[in-house]
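One structure, pasted below without further comment.
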Amino acid sequence: MRIVWKNLPLEMHPLARPAALAAMAANEQGKFWAYHDKLFANQGKFARNDLVRYAREVGLDVKRFEQALDSKRYGAAIDADVAEARSIGITGTPAFFVDGHFLSGAKPYEDFAKLIDAELVRPGSPAPAPTPPSGS
Amino acid sequence: MSSGAPASGSLGYVIVAGIVILIVLAAIGWHEARRLRTDLQDRLGQIDSRVTQLQGRLEDIAKAAVPPRRGPDPNRVYSVRTDGAPSVGPATAPIVIAEFSDFQ
């Protein structure tokens with residue numbers, strides 16, 4: 001299984017966009033998920049010095065991180081995600097797509113399991129390996 | 001009992017008149033009751049048709065009040081762009097979950 005993060009900073013969350021810019025700057029250095037976890041562990045504390053501190057804490061090259069953050073290097077990428085979300089009709093976060101099938105909001109595990117099982121048996125999809133491939 | 005004959009004669013008239021009056025009253029009463037009944041039946045019919053009309057209107061309103069579906073169609077398969085997006089898991093994974101989210 002692969003999980004893909006798509007940025008959808010909502011306008012009603014004014015700190016979501018700087019956080020998304022920072023997370024993408026961390027992604028540039030291969031540390032997106034560690035930074036993602038930091039942001040979720042420190043909800044709402046997203047002032048610039050906080051964002052830089054988290055970068056240091058997850059072991060990023062802070063100077064390079066700051067350059068990416070301050071120049072809004074990934075602003076266009078975030079805008080593209082937002083535009084894509086809008087064209088699909090997503091109105092809130094989180095919105096999940098399991099192989100393109102929409103699941104809205106925070107859903108119980110069973111909803112994911114149902115969709116994933118359906119995808120695994122879908123004709124044309126790769127047959128599930130007899131032993132689960134490592135890393136999925 | 002010579003004076004009884006005219007008295008019984010007039011009593012007979014009175015009785016006949018009374019019976020006639022009773023018959024007339026009964027006829028009036030019967031007619032009135034029939035008129036009332038048809039009246040009531042008419043009104044009931046009107047009320048019935050109004051209720052049916054209102055029921056239809058209510059159903060229309062209820063239909064109109066159902067908000068149009070918001071958000072993506074759960075019965076559609078969307079292709080979400082994944083190039084350049086942060087991800088975890090093998091590129092060849094049989095299942096790809098795309099999460100649109102924010103950090104706040």
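In what follows, chains carry the letters A, B, and so on, assigned in the order in which the sequence lines appear, proteins first and then strands, with residues in each chain numbered from 1. Please read these numbers as outputs of a predicted model, since none were measured by experiment.
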Kindly assign one of parallel, tilted or perpendicular to the pair Phe97(A) and Phe100(B), based on the angle between their ring planes and the thresholds 30° and 60°.
->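 Judged by the thresholds at 30° and 60°, the geometry between Phe97(A) and Phe100(B) is perpendicular.
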
Check: Arg81(B) main-chain N/O paired with Glu84(A) side-chain donor or acceptor under 3.5 Å |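 At least one qualifying donor-acceptor pair exists.
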
When you measure from the side chain of Glu99(B) to the backbone N and O of Phe96(A), does any donor-acceptor pair fall under 3.5 Å?
->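 No, because the side chain of Glu99(B) does not come within donor-acceptor range (under 3.5 Å) of the backbone of Phe96(A).
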
Are Leu11(B) and Leu22(B) connected in the hydrophobic side-chain network, where two residues link if heavy atoms are under 4.5 Å apart?
->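 No.
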
Which donor-acceptor pairs under 3.5 Å do side chains of residues 37-58 of chain B form with protein atoms, sequence neighbours excluded?
unit_1: Thr38(B); atom_1: OG1; unit_2: Arg34(B); atom_2: O; d: 2.9
unit_1: Thr38(B); atom_1: OG1; unit_2: Arg35(B); atom_2: O; d: 2.8
unit_1: Ser49(B); atom_1: OG; unit_2: Gln46(B); atom_2: O; d: 2.8
unit_1: Thr52(B); atom_1: OG1; unit_2: Asp48(B); atom_2: O; d: 2.8

Spatial distance of atom CG (Asp117(A)) from atom CD1 (Ile95(B)) [nearest 0.5 Å] |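 That separation rounds to 8.5 Å.
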
Heavy-atom contact with chain A under 4.5 Å, split by part of Thr82(B) =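 The answer is both parts of Thr82(B).
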
Of the listed residues (Val82(A), Ile116(A), Ile78(A), Leu115(A)), which shares the most heavy-atom pairs with chain B below a 4.5 Å separation?
->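 Greatest number of close heavy-atom pairs with chain B: Ile116(A).
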
Look at the aromatic rings of His36(A) and Phe103(B) and report parallel, tilted or perpendicular, splitting at 30° and 60°.
->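 Perpendicular.
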
Partner chain A: residue of Ala91(B), Gly84(B), Ser87(B), Pro86(B) with the largest heavy-atom pair count (under 4.5 Å) |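 Most heavy-atom pairs under 4.5 Å with chain A: Pro86(B).
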
Tell me, yes or no, whether the heavy-atom count around Tyr13(B) atom OH, taken from other residues, nucleotides or ligands under 6.0 Å, exceeds 12.
->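 Counting neighbours around OH of Tyr13(B), 12 or fewer heavy atoms of other residues, nucleotides or ligands fall under 6.0 Å, so no.
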
Would you please test Phe102(A) and Asn75(B) for side chain to side chain contact (heavy atoms under 4.5 Å, CB included) and show each step?
-> CA-CA 8 Å; Phe102(A) 174 60; Asn75(B) 298 314; over 6 Å; no

Largest heavy-atom contact set with chain B, pairs under 4.5 Å, which of Thr91(A), Leu15(A), Asn7(A) |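 Most pairs with chain B among the choices: Leu15(A).
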
Any link between Ile88(A) and Val77(B) through a network of hydrophobic side chains (Ile, Leu, Val, Met, Phe, Trp, Tyr) touching at under 4.5 Å?
->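 No: no chain of side-chain contacts under 4.5 Å links Ile88(A) to Val77(B).
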
Path from Ile15(B) to Ile23(B) over hydrophobic side-chain contacts below 4.5 Å |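 Linked within one cluster.
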
Check Pro14(A), Pro18(A), Pro9(A) against Gln104(B) for a side-chain contact (heavy atoms from CB on, under 4.5 Å) and give me the one that passes.
->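 Filter result, single survivor: Pro14(A).
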
Taking atom CZ of Arg86(A) as the centre, report whether more than 12 heavy atoms of other residues, nucleotides or ligands fall under 6.0 Å from it.
->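 Result for CZ/Arg86(A): open.
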
Taking Asp102(B) for its side chain and Ala16(A) for its backbone only, find out whether a donor-acceptor pair lies under 3.5 Å.
->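 No, because the side chain of Asp102(B) does not come within donor-acceptor range (under 3.5 Å) of the backbone of Ala16(A).
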
Mind checking who shares a hydrophobic cluster with Ile28(B), ILVMFWY linked at side-chain heavy-atom distances under 4.5 Å?
->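 Other cluster members: Val16(B), Val20(B), Val24(B).
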
Would you say Glu11(A) has more than 12 foreign heavy atoms packed within less than 6.0 Å of its CD?
->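 Open: at most 12 neighbouring heavy atoms sit under 6.0 Å from CD of Glu11(A).
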
Where does Ala26(A) contact chain B at under 4.5 Å (heavy atoms): side chain, backbone, both or neither?
->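 No part of Ala26(A) comes within 4.5 Å of chain B.
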
Might you work through the side chain to side chain contact (heavy atoms under 4.5 Å, CB included) test for Val96(B) and Val4(A), ending with a clear yes or no?
-> CA-CA 7 Å; Val96(B) 176; Val4(A) 178; 3.9 Å; yes

What is the minimum heavy-atom distance between Pro72(B) and Gly89(A), and which atoms define it?
->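 Nearest heavy atoms, Pro72(B) then Gly89(A): CD-O, 3.5 Å.
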
Please answer: with hydrophobic residues joined when any side-chain heavy atoms are less than 4.5 Å apart, are Phe40(A) and Tyr35(A) in the same cluster?
->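 Yes: a chain of side-chain contacts under 4.5 Å links Phe40(A) to Tyr35(A).
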
In sequence, state the C-alpha distance, the side-chain angles, and the governing distance for Met1(A) and Ile97(B), and then conclude on side chain to side chain contact (heavy atoms under 4.5 Å, CB included).
-> CA-CA 8 Å; Met1(A) 173 184 311; Ile97(B) 296 181; 3.7 Å; yes

Chain B contact via Ala77(A) - side chain, backbone, both or neither, heavy atoms under 4.5 Å |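 Answer is neither: Ala77(A) stays 4.5 Å or more from chain B.
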
Quick one: what part of Phe46(A) sits under 4.5 Å from any heavy atom of chain B, side chain, backbone, both or neither?
->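 For Phe46(A), the side chain is the part near chain B, not the backbone.
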
Contact origin within Met12(A) toward chain B - heavy atom pairs under 4.5 Å =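 Neither; nothing under 4.5 Å.
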
